[in-house]
Protein chains: 2
Amino acid sequence: MDRFVSTFTNKIDAKGRVSIPAPFRAVLERDGYVGGLYCYPSLDAAALDAGGERLAKKIDGLLAGLPDYSDERDELSVALYGDVQVLSIDGDGRIVLPENLRVHANLDAAVTFVGLGDKFQMWEPKAFEERRKEARSKVQVTRKLFAAGGRSSDDDGNEGARE
Amino acid sequence: MDRFVSTFTNKIDAKGRVSIPAPFRAVLERDGYVGGLYCYPSLDAAALDAGGERLAKKIDGLLAGLPDYSDERDELSVALYGDVQVLSIDGDGRIVLPENLRVHANLDAAVTFVGLGDKFQMWEPKAFEERRKEARSKVQVTRKLFAAGGRSSDDDGNEGARE
DNA sequence: CGGGCATCTATGGGATCGCATGGGATTTGG
DNA sequence: CCAAATCCCATGCGATCCCATAGATGCCCG
């Protein structure tokens, strides 16, 4: 399925380089790697979003839905494209995070890579632990909603049975 | 029906490897095995949930219904993709359990594999024994309810008694 | 009917490979 | 000409592969 899945934590070396987890690299290549990793500050978190060609197309798709020359589109364009950086990946699968991106996510010694399907995020490890806790507790709630919503009828109905 | 059924207990060797019970392996293959076993901590038990492609699609399906870049999707993505690990199965049908997963389920010397239809769980053997006892007593109650409702004809009402 | 052979599974151990990481060398651009 | 970014190579650890053993099961053929 070639999606970014699971989390990995790698170190930032003295030169500011980080290895992209090998499984993520594999996804990027299959995604039609051209020469860069698209990377930008997450809009609502102290983290970075990154991905390959598929992600780039997705961003385009969002804008395509808005009329040209509308304020909304302009704002979104700036928000989406404005801070995007195309990071080159060296022969060993590493990238260098520019200052502004590193600041946005408070990255210093290590980076936690979090697979999110089409894209992945880069977090300061401790910050991500917090975030993860939060997400887990919310999912408990969401799960109850699914169960209550009666979505159990698809092929064998173990949807809410996770225990 | 190619479901995960019944329970098996296998040892963890010095390298942290465990054999997946052969019957489960067979199910995984028929399920369209691609490159890994999808595995994540059970949300409300000291155990691990695991499955093949079918389970992965199910997870995707949950997210597919949500709009891109919505908060809800982000939360769910983190909780679902972030905790999932794709474990590769070696030529002998074994997997290696990563540290964080082993900790979550208190696994050390052995693992009990429990078939649950679409997926299966991995428990520390003693913990599962406890769990099983508990389940049995609950089933007793459930059965009485069935009986009281006049459905006494299904001779043992074992639907949830999986053992 | 029974003995032995073939097969499959679980498990252990050795050898190899890949990945993350570090450090020097080289190039690029200002 | 200097600083910073890029490339290339070395290394150590962990993961993966491959082979060996052993117990259990089942089958075939005597």
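Heavy atoms only: backbone and side chains are in, while hydrogens, waters and symmetry mates are out. Residue numbering restarts at 1 for every chain, and letters A, B, ... go by the order of the sequence lines.
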Quiz item: Which is it for E134(A) and V78(B) under the side-chain contact (heavy atoms from CB on, under 4.5 Å) test, yes or no, and what are the steps along the way?
Solution: CA-CA 10 Å; E134(A) 189 186 324; V78(B) 171; over 6 Å; no
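- If you check every strand for non-hydrogen atoms under 4.0 Å, I20(A) touches sugar and phosphate atoms only.
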Exercise. Report the C-alpha separation of E99(A) and R102(A) in whole Å, then their side-chain angles, then the decisive distance to 0.1 Å, and conclude whether the salt bridge (Lys or Arg N to Asp or Glu O under 4.0 Å) test is met.
Key: CA-CA 5 Å; E99(A) 182 65 12; R102(A) 230 175 323 136; 3.6 Å; yes
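- Between R17(B) atom CZ and dT11(C) atom C1' the separation is 8 Å, expressed in whole Å.
- When rounded to the nearest whole Å, the span between CG of N10(A) and C1' of dG18(C) equals 14 Å.
- Rounded to an integer number of Å, the gap from CZ of R94(B) to P of dC8(C) is 17 Å.
- Of the possible donor and acceptor atoms, none in the side chain of N10(A) sits under 3.5 Å from a partner among the backbone N and O of V18(A).
- We find that NZ of K15(B) is positioned 18 Å from P of dA10(C), with the value rounded to whole Å.
- Between the side chain of D92(A) and the backbone N or O of R94(A), no donor-acceptor pair lies under 3.5 Å.
- Taken from CG in L48(B) to OH in Y40(B), the straight-line distance is 10.5 Å, to the nearest 0.5 Å.
- Taking atom CG of D90(B) as the reference point, atom P of dT9(C) lies 14 Å away to the nearest angstrom.
- Checked against the 6.0 Å centroid criterion, the rings of F24(B) and F4(B) qualify as a close aromatic pair.
- Per the geometry, CG belonging to D92(B) stands 11 Å off P belonging to dA10(C), to the nearest Å.
- Here dC19(C) presents its C1' atom at 15 Å from CD1 of I89(A), a figure rounded to the nearest Å.
- Protein chain A contacts DNA chain D from dT6(D) to dC9(D), reading 5' to 3' and using non-hydrogen atoms of the protein with a distance under 4.0 Å.
- The interatomic distance linking F113(A) (CZ) with dA20(C) (C1') rounds to 11 Å, in whole Å.
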